[in-house]
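The next block holds one structure in the form of structure tokens; read it before the comments.
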Amino acid sequence: MTANDHIPEHVAIIMDGNGRWARKRALPRHAGHRSGVGSVRQAVEAAGKHGVKVLTLFAFSSENWSRPREEVSKLMGLFVEALQREVDDLHRNNVRLEFIGARERLQANLVEKIASAEEQTSSNTGLRLMVAVAYGGRWDIAQAAKRLAGRAVDGQISVDDINDAAVARELQLGDLPDPDLLIRTGGERRISNFLLWHLAYSELYFCDTLWPDFGAEQFDAALDFFAQRQRRYGHTAEQIEAVSS
Ligand code: IPE
Ligand code: IPE
Ligand code: MG
């Protein structure tokens, strides 16, 4: 059993492996993406059940715009469809849904669906579900730098006000705690330009399971891995043990 104080407050997931899942079945890549929506549902349920407060899902990266035009367009269509289908259920379950990423690059009907889903769920007090679409960690940091520079030029802040905390506040997940646990499915051991700033001290869990095969059991395995980590933040083990004993 995972002890309660070992439950991560914020879990982030790089949902990878949809294409390979489809290829193994001689299906088009899109079938993998479609099947991945079911895993999203299971991850949201599992996070809620365990008392995770924030779940951030990487659904489409800045670099994914380079994929074949048909795949991109089908993915965008799938986001619209999934939002349409899932938002009432999320709302009933008290989930607050928000999106991060370069929204201005998305098609108008998706932007509308996002805005209305965010509005509908804005007063919910349960799980905060953050979906990263058209998101890149470098883009996020550059945006924050641009905003701070603008304020310095306007004289609202001085250059000396720019520190770690000021940058963090300007990032997309500004008001949220950093992810305690990052899960990446699909077998790759890389960050792929996800939350570069926020992952500074996250525990990293990589598994070979392809995203459409990832369910409650795999989520539990990731939480078990997390529960066994000692987070030291640069301190020694002895220092940590002295504080927790
Ligand atoms: C992740 O699965 C979904 C997106 C990046 C949109 P992939 O589509 O990257 O699946 P693989 O890595 O090709 O198997
Ligand atoms: C990362 O997966 C992005 C998402 C899961 C949305 P990719 O499949 O795009 O990553 P790379 O290209 O293998 O690094
Ligand atoms: Mg991939």
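Atoms within each ligand, like the ligands themselves, are counted from 1 in listed order. It should be emphasised that the depicted structure is a prediction, and the values quoted were computed from it without experimental measurement.
Inter-residue side-chain proximity for Leu196 and Asp140 is flagged as unmet; no heavy-atom pair is nearer than 4.5 Å. By the 4.5 Å heavy-atom criterion applied to side chains, Val95 and Thr121 are not counted as neighbours.
Checked by atom type, the side-chain pair Gln120/Asp88 shows a donor-acceptor distance below 3.5 Å. Side-chain contact of His10 with Asp178: a donor-acceptor pair under 3.5 Å is absent, judged by distance alone. Judged purely by distance below 3.5 Å, without hydrogens or angles, the side chains of Gln172 and His198 never pair a donor atom with an acceptor atom.
Protein residues with any heavy atom under 4.0 Å from ligand 1: Met15, Asp16, Gly17, Asn18, Gly19, Arg20, Arg29, His33, Ala59, Asn64, Arg67, Leu75.
For the Mg ion (ligand 3), the set of protein N/O/S atoms nearer than 2.8 Å consists of Asp16 OD1, ordered by chain and number.
Set against the non-hydrogen atoms of Arg190, the atoms of ligand 2 under 4.0 Å away are 11 (P), 13 (O), 14 (O).
Applying the side-chain hydrogen bond (donor to acceptor under 3.5 Å, both in side chains) criterion to Trp21, with sequence neighbours excluded, gives Asp213.
Dense packing is recorded around CD of Glu188, with more than 12 heavy atoms of other residues, nucleotides or ligands lying under 6.0 Å away. Heavy atoms from other residues, nucleotides or ligands lying under 6.0 Å from CZ of Arg25 number more than 12.
Tyr201 belongs to a hydrophobic cluster whose remaining members, ordered by chain and number, are Tyr233; membership requires side-chain heavy atoms of ILVMFWY residues under 4.5 Å apart, directly or through intermediates.
Exactly one of Glu118, Gln107, Gln84 qualifies for a side chain to side chain donor-acceptor pair (under 3.5 Å) with Lys113. That residue is Gln84.
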